[in-house]
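Since the structure comes first, as structure tokens, the remarks are kept for the end.
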Amino acid sequence: MTTKAFESKLDFHNDGQLSLFFLGAGSAFQKSFYQTNLFVVKGDTHLLIDCGTLCPYVLEKEYSTKISSIKNLILTHPHADHIGGVEEIALTAYYISKQPVNIAIPPSFKKKLWNESLRGGIQFSERGKMTFNDYFSELPIKRLQKKPFEMYETNIGSINIKLFRTRHVTTRLDSFKNSQISYGLIFDDKVLFTGDTQFNPSQLKFLLERFNKVERIFHDCDVSGFSVGVHASYEQLKTFPDEIRAKMLLCHYNEKMLTVDAVKDGFEGFVQRGIYYNF
């Protein structure tokens, strides 16, 4: 992995390397680090992972990129810091770009996203009653497995993506069924991004054994330690073996991350927003 600093505008094209760029790396209500939304580019293919409430603002004000420039989208789960800006993407695509945004989404999540999150704001227009597919063009997605947790696969241009179900927000730590629908992602079988997840070492072990070429893990991390039923805590992540912590970068943090030394604790460090991580 190499890194490259942001210059003046987001790169929508590169020389073919897989590149991850965190528009923000903070937790839901963290303003100084923004929200953990991720821009991915490889060759002529770009992809936005999540679009939270601050995402359209951050894109334009920090990275000189309009939300209408986004053509490909994956959403990990329906919390506002991850989908709060999706209504704006949908409306700018419909009225400005006049072309639906490409989206890869599991069927059950699509239904939930439209009926419980987006429909209330964008189902009506001056042109009549709208549907999900008036705003979005669904990309092919196939289910790879159902147990021990759901996993899907899709290809967006030159980028291969595996989506795996995570446990997020539940009082039963052993239950996917009773948790918030949420997904982590694996890019090109070599970069793992957990999305929002509880501490789940057995799942990570399963994934690293199956995808043994994973070079880096970008892991959800609650430094405050107050939301163990929602996110993985810093103290829990410290219990991973040395070889796993050494390739782990932590994201979705708050300002308490300034009080710990992640490198001293064996991690590669905390994710920095506004930097290209190239593979």
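The cluster map of Ile, Leu, Val, Met, Phe, Trp and Tyr, joined by side-chain heavy atoms under 4.5 Å apart, puts Ile159 and Met1 in the same cluster. Hydrophobic clustering (side-chain heavy atoms under 4.5 Å, transitive across Ile, Leu, Val, Met, Phe, Trp, Tyr) keeps Val263 apart from Phe240. Following chains of ILVMFWY side-chain contacts shorter than 4.5 Å, one cannot reach Ile103 starting from Ile96, and the two form parts of different hydrophobic clusters. Under the 4.5 Å side-chain heavy-atom criterion for Ile, Leu, Val, Met, Phe, Trp and Tyr, Phe206 and Tyr152 are members of distinct hydrophobic clusters. Linking Ile, Leu, Val, Met, Phe, Trp and Tyr whenever their side-chain heavy atoms come within less than 4.5 Å puts Val58 and Leu48 in one cluster.
Using a distance-only test at 3.5 Å, with no hydrogens or angles considered, a donor-acceptor pair links the side chain of Thr154 to the main chain of Pro140. Of the possible polar contacts, one joining the Asp134 side chain to the Thr131 backbone as a donor-acceptor pair under 3.5 Å is found. At distances below 3.5 Å, not a single donor-acceptor pair connects side-chain atoms of Thr166 with backbone N or O atoms of His168. Without hydrogens or angle criteria, Ser158 side chain to Lys42 main chain gives a donor-acceptor distance under 3.5 Å. The main-chain N or O of Gly128 is found under 3.5 Å from a side-chain atom of Ser125 such that the two form a donor-acceptor pair. Checked by atom type and distance alone, the side chain of Gln203 never pairs as donor or acceptor with a backbone atom of Leu207 at under 3.5 Å. Listed for the Asn14 side chain is a donor-acceptor partner under 3.5 Å among the backbone atoms of Gly43. Judged purely by atom type and a 3.5 angstrom limit, Asn254 has no side-chain atom pairing as donor or acceptor with the backbone of Asp222. Counting only distance, with no hydrogens or angles, the side chain of Gln35 and the backbone of Ser27 share no donor-acceptor pair below 3.5 Å. In this structure, the side chain of Lys110 does not engage the main chain of Ala104 through any donor-acceptor pair within 3.5 Å.
Classification of Lys146 and Glu150 as a salt-bridged pair fails, no side-chain N sitting under 4.0 Å from a carboxylate O. A salt bridge does not link Lys247 to Glu243: none of the charged side-chain nitrogens sits closer than 4.0 Å to a carboxylate oxygen.
No side-chain heavy atom of Ser233 sits under 4.5 Å from any side-chain heavy atom of Phe199. Looking at heavy atoms from C-beta onward, Val191 lies out of side-chain contact with Val214 at the 4.5 angstrom threshold. Side-chain contact between Pro106 and Leu163 is present, with heavy atoms from C-beta onward closer than 4.5 Å. The shortest side-chain heavy-atom distance between Ile181 and Lys112 falls under the 4.5 Å cut-off. With contacts defined as side-chain heavy-atom distances shorter than 4.5 Å, the pair Leu47/Ile74 qualifies. Considering only heavy atoms from C-beta on, Leu185 comes within 4.5 Å of Ile49 through its side chain. Residues Met257 and Phe33 are in side-chain contact: their nearest non-hydrogen atoms beyond the backbone lie under 4.5 Å apart. For the pair Arg216/Leu249, a side-chain contact is recorded, criterion being any heavy-atom separation below 4.5 Å from C-beta on.
In this structure, the separation between NE2 on His46 and CG on Asn102 is 8.5 Å, given to the nearest 0.5 Å. With rounding to the nearest 0.5 Å, the separation of CG in Asp189 from CZ in Phe211 is 5.5 Å. Rounding to the nearest 0.5 Å gives a distance of 5.0 Å between SG of Cys251 and CZ of Phe22. Once rounded to the nearest 0.5 Å, the distance linking CG of Asn37 with CG of Asp81 reads 7.5 Å. In this structure, CG on Leu73 lies 8.0 Å from CD1 on Ile105, to the nearest 0.5 angstrom. Residue Ile70 holds its CD1 atom at 9.0 Å from OG of Ser68, rounded to the nearest 0.5 Å.
Proximity of the aromatic rings of Phe218 and Phe187 is defined here by a centroid distance below 6.0 angstrom, and this criterion is not met. A centroid separation of 6.0 Å or more is found between the aromatic rings of Phe164 and Phe193.
Within 6.0 Å of NZ in Lys4 there are more than 12 heavy atoms belonging to other residues, nucleotides or ligands. Taking a 6.0 Å sphere around OH of Tyr57, one finds it holds 12 or fewer heavy atoms contributed by other residues, nucleotides or ligands.
When every heavy atom of Gly52 is checked against every heavy atom of Pro56, the shortest pair comes out as O-CD, 3.5 Å. Pro78 and Ser117 get closest at one heavy-atom pair: CB-OG, 3.9 Å. Contact record, Asn72 with Val101: N-CG1, 4.3 Å, taken as the closest heavy-atom pair. When all heavy atoms are compared, the tightest approach of Tyr34 to Glu62 is OH-OE2, 3.1 Å. Nearest heavy-atom pair, Met130 versus Ile122, reported as atom, atom and distance to 0.1 Å: CB-O, 3.6 Å. Across Ser97 and Lys71, no two heavy atoms sit closer than the pair OG-NZ, 3.2 Å.
Remark: the Asp220 side chain and the Tyr253 side chain contain no N/O donor-acceptor pair separated by less than 3.5 Å.
A search for salt bridge (Lys or Arg N to Asp or Glu O under 4.0 Å) contacts involving Asp242 returns Arg245, not counting sequence neighbours.
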**OP:** Before giving the answer on side-chain hydrogen bond (donor to acceptor under 3.5 Å, both in side chains), spell out for Asn160 and Asp188 the whole-Å C-alpha distance, their side-chain angles and the decisive distance to 0.1 Å.
**Re:** CA-CA 5 Å; Asn160 175 265; Asp188 287 348; over 6 Å; no

Subject >> side chain to side chain contact (heavy atoms under 4.5 Å, CB included) assessment of Lys162 paired with Leu144 >> reply: CA-CA 9 Å; Lys162 310 289 194 310; Leu144 298 179; 3.7 Å; yes

**OP:** Could you please spell out the steps behind the side-chain hydrogen bond (donor to acceptor under 3.5 Å, both in side chains) verdict for Arg210 and Gln145?
**Re:** CA-CA 13 Å; Arg210 180 165 177 178; Gln145 67 179 41; 2.5 Å; yes

**OP:** Start with the C-alpha distance between Phe136 and Leu118, add both sets of side-chain angles, then the distance that settles side chain to side chain contact (heavy atoms under 4.5 Å, CB included), and finish with yes or no.
**Re:** CA-CA 12 Å; Phe136 302 98; Leu118 298 179; 4.0 Å; yes

**OP:** Start with the C-alpha gap between Asp196 and Ser182, add the side-chain angles, then the distance that decides, and say whether side chain to side chain contact (heavy atoms under 4.5 Å, CB included) holds.
**Re:** CA-CA 7 Å; Asp196 285 16; Ser182 58; 5.5 Å; no

**OP:** For Glu153 and Ile141, run side chain to side chain contact (heavy atoms under 4.5 Å, CB included): C-alpha distance rounded to whole Å, both residues' side-chain angles, the deciding distance at 0.1 Å, then the answer.
**Re:** CA-CA 6 Å; Glu153 181 178 34; Ile141 186 169; over 6 Å; no

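Sequence neighbours left out, the pairs with a member in residues 89-131 that pass ring-ring contact (aromatic ring centres under 6.0 Å, His included) are Tyr94-Tyr135.
Results of the side chain to side chain contact (heavy atoms under 4.5 Å, CB included) test with Asp50 over Leu23, Thr36, Leu75 single out Leu75 as the only residue that passes.
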Could you give the side-chain donor-acceptor pairs of residues 270-279 under 3.5 Å, partners two or more places apart or in another chain?
| residue | atom | partner | partner atom | Å |
| --- | --- | --- | --- | --- |
| Arg273 | NH1 | Tyr63 | OH | 2.9 |
| Tyr276 | OH | Asp11 | N | 2.9 |
| Tyr277 | OH | Gln272 | N | 2.9 |
| Asn278 | OD1 | Ser19 | OG | 2.7 |

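Note: His252 and His82 have parallel aromatic rings, judged against thresholds of 30 and 60 degrees for the angle between ring planes.
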